[in-house]
J.: 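Supplied in structure tokens, the structure appears directly below.
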2 protein chains.
Amino acid sequence: MKKPRPAVIADLLEKPGHLIRRAHQFSVAVFEDLAARDRITAPQHVVMTALFKHPGIDQVTLANLVALDKVTTGTIVSRLERRGLLRREQSMQDRRARVLLLSEAGRQLLLQMQQTVRQSQANLLANLSAAEGRELVRLLRKLIGAEPARPRRSSGRSRAARQ
Amino acid sequence: MKKPRPAVIADLLEKPGHLIRRAHQFSVAVFEDLAARDRITAPQHVVMTALFKHPGIDQVTLANLVALDKVTTGTIVSRLERRGLLRREQSMQDRRARVLLLSEAGRQLLLQMQQTVRQSQANLLANLSAAEGRELVRLLRKLIGAEPARPRRSSGRSRAARQ
DNA sequence: TTGAAATAGTAACAATACTAACTAATGAGA
DNA sequence: TCTCATTAGTTAGTATTGTTACTATTTCAA
């Protein structure tokens, strides 16, 4: 006799999609808990980090680096510019493009936030052992198709980074 | 001699917070890819699923079930109500509360979407082996503090489900 | 060289997601 | 019973995130 199939619809806590949303929600909350003092959100921090490592890139390159839509990247950049944390200059080579540079204030803020950021990553993984944390990172990279195999190249082929 | 510490700032693909955001982005894109035809977003589907399993609950109870803010839950519910997928009635017991029920159209749509939903979960985990998928689910549950240990009780203590 | 395709950026729109502040109703203790 | 804290829901405001559509510019190919 067949099992009666009590629920056609699976429990939410079994669904990877739902769990990933919960994890994201948790991650954002943990970050903001510590970074609220500096009035920096997680994506703003990611953008600043990318500009720290790659000064002078344009918005589309930046969008690909951080895996955000170019429109989203544009609004985040605007907000940071309004706060004076980065500068936006006409590119000499391409008059369509805008060259992005962290301002001195932006650089200072980013460096000063390092301890905070490390702490928030630790809080995020607090419920996991060190090995589990590493395994989670590995699985997430594999899930999104960002294999560590390829030596450099980045960008990957993540669906949403299409433009 | 010390290693020169080439980058103060870690690579984004090492940071669990960034990877979780990427995974969430990917998850949403995969779901919408299949569910766009029904014009149902992932959170709308989660809300409908919860109402299917728990008909007649109020908005705050629903918000706790799906781990969303009560405001967000309210706007999603409004949108579904406007489309006729659920009904909202005054509660007899508590005149502040609104009792939520899936309409017949909502029930039909939800059931009809089951195959789509299963497929999108499969697509989401396509890069992982079955064992890796299960491990990811386990780690995410542990991360957000929703242990399978406790037999029933749910709700957990997720930071963002505070209200 | 010129005309079409591609690209960088923006604008307008929609949906999620949260906080803070509010209204209305409930409930519990003095 | 009266007051006050709590609770259900909404409104307003901010931010992220995406789509589609548009302008300006560049590039490539006929």
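Quick caveat: nothing in here was measured; it's all calculated off a predicted structure. Note that these values count all heavy atoms, side chains included, but never hydrogens, waters or copies made by symmetry. Proteins get letters first, then strands, A, B, ... in listed order; numbering begins at 1 in each.
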J.: Which heavy-atom pair separates A:Thr72 from A:Leu68 by the least distance, and what is that distance?
T.: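 That closest heavy-atom pairing would be CG2-CD2, 4.3 Å.
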
J.: Out of D:dT10, D:dT17, C:dA17, which has the shortest distance to the side chain of B:Arg98?
T.: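 The listed nucleotide nearest to B:Arg98's side chain is D:dT10.
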
J.: Reckon B:Ser91 has a side-chain N or O less than 4.0 Å from the OP1 or OP2 of D:dA8?
T.: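 Answer no for this pair, as no side-chain N or O of B:Ser91 is under 4.0 Å from OP1 or OP2.
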
J.: Give one of base, sugar-phosphate or nothing for B:Arg21, where a contact means two heavy atoms less than 4.0 Å apart.
T.: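 Sugar-phosphate, no base atom in range.
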
J.: Starting at atom CG of A:Asn64, determine the distance to atom C1' of C:dA8, rounded to an integer number of angstrom.
T.: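 After rounding, the gap between these two atoms is 12 Å.
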
J.: Starting at CG of A:Leu62 and ending at P of D:dT17, how long is that distance when rounded to a whole Å?
T.: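 It is 13 Å, rounded to the nearest whole Å.
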
J.: Have a look at A:Thr75 and say if it touches a base, only the backbone sugar-phosphate, or nothing, with a 4.0 Å heavy-atom cut-off.
T.: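 Base contact - A:Thr75 has a heavy atom under 4.0 Å of at least one base atom.
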
J.: May I ask you to verify if any side-chain N or O of B:Arg96 is less than 4.0 angstrom from the OP1 or OP2 atom of C:dT23?
T.: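 Answer no for this pair, as no side-chain N or O of B:Arg96 is under 4.0 Å from OP1 or OP2.
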
J.: Taking OP1 and OP2 of D:dA15, is either one under 4.0 Å from a side-chain nitrogen or oxygen of A:Gln44?
T.: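 The answer is no; no side-chain N or O of A:Gln44 sits under 4.0 Å from OP1 or OP2.
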
J.: Picking from D:dT17, D:dG9, D:dT25, which would you name as closest to the side chain of A:Asp94?
T.: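 That would be D:dT25.
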
J.: Below 4.0 angstrom from OP1 or OP2 of D:dG18, is there any side-chain N or O of A:Thr72?
T.: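 Yes, A:Thr72 has a side-chain N/O under 4.0 Å of OP1/OP2 on D:dG18.
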
J.: Side-chain donor-acceptor pair under 3.5 Å between B:Asp58 and B:Thr61, yes or no?
T.: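 Yes.
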
J.: Return the value, rounded to whole Å, for the distance between atom CG of B:Asp69 and atom C1' of C:dT19.
T.: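 The answer, rounded to whole Å, is 8 Å.
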
J.: Report the distance from atom CD of A:Gln93 to atom C1' of D:dA24, rounded to the nearest whole Å.
T.: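 Atom-to-atom, A:Gln93 to D:dA24, this comes out as 18 Å.
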
J.: For B:Ile76 and D:dG9, give me the distance from atom CD1 to atom C1', rounded to whole Å.
T.: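 Taking CD1 of B:Ile76 and C1' of D:dG9, I get 15 Å after rounding.
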
J.: Any carboxylate oxygen within less than 4.0 angstrom of a Lys/Arg side-chain nitrogen, looking at A:Arg141 and B:Glu14?
T.: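 Looking at B:Glu14 together with A:Arg141, the answer is yes, because their closest N to O distance falls below 4.0 Å.
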
J.: Where does the angle between the aromatic ring planes of B:His24 and A:His24 fall among parallel (under 30°), tilted (30 to 60°) and perpendicular (over 60°)?
T.: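 Taking A:His24 first and then B:His24, their aromatic rings lie parallel (interplane angle under 30°).
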
J.: In whole Å, what is the span from the CZ atom of B:Arg82 to the C1' atom of C:dA14?
T.: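 For the pair B:Arg82 CZ and C:dA14 C1', the rounded distance is 11 Å.
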
J.: Indicate, yes or no, whether a donor-acceptor pair under 3.5 Å links the base of D:dT25 to the side chain of A:Arg95.
T.: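 No, no donor-acceptor pair under 3.5 Å.
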
J.: To the nearest angstrom, how far is B:Gln90 atom CD from D:dT10 atom P?
T.: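 Result: 10 Å.
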
J.: Reckon B:Gln59 has a side-chain N or O less than 4.0 Å from the OP1 or OP2 of D:dT7?
T.: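 Indeed not, no polar side-chain atom of B:Gln59 lies that close.
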
J.: Look at the side chain of A:Lys70 and decide which nucleotide, out of C:dA8, D:dT19, D:dT11, has an atom nearest to it.
T.: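 So the nucleotide nearest the side chain must be C:dA8.
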
J.: Could A:Arg87 and A:Glu89 be called an ion pair, given the rule that one side-chain N must be under 4.0 Å from one carboxylate O?
T.: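 Salt bridge between A:Arg87 and A:Glu89, a charged N being under 4.0 Å from a carboxylate O: yes.
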
J.: Whole Å only: how far is the CZ atom of A:Arg22 from the P atom of C:dC18?
T.: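 Roughly 11 Å, once rounded to whole Å.
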
J.: Ignoring backbone atoms, test whether A:Arg88 places a side-chain nitrogen or oxygen under 4.0 Å from the OP1 or OP2 oxygen of C:dT10.
T.: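 Affirmative; the distance criterion is met.
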
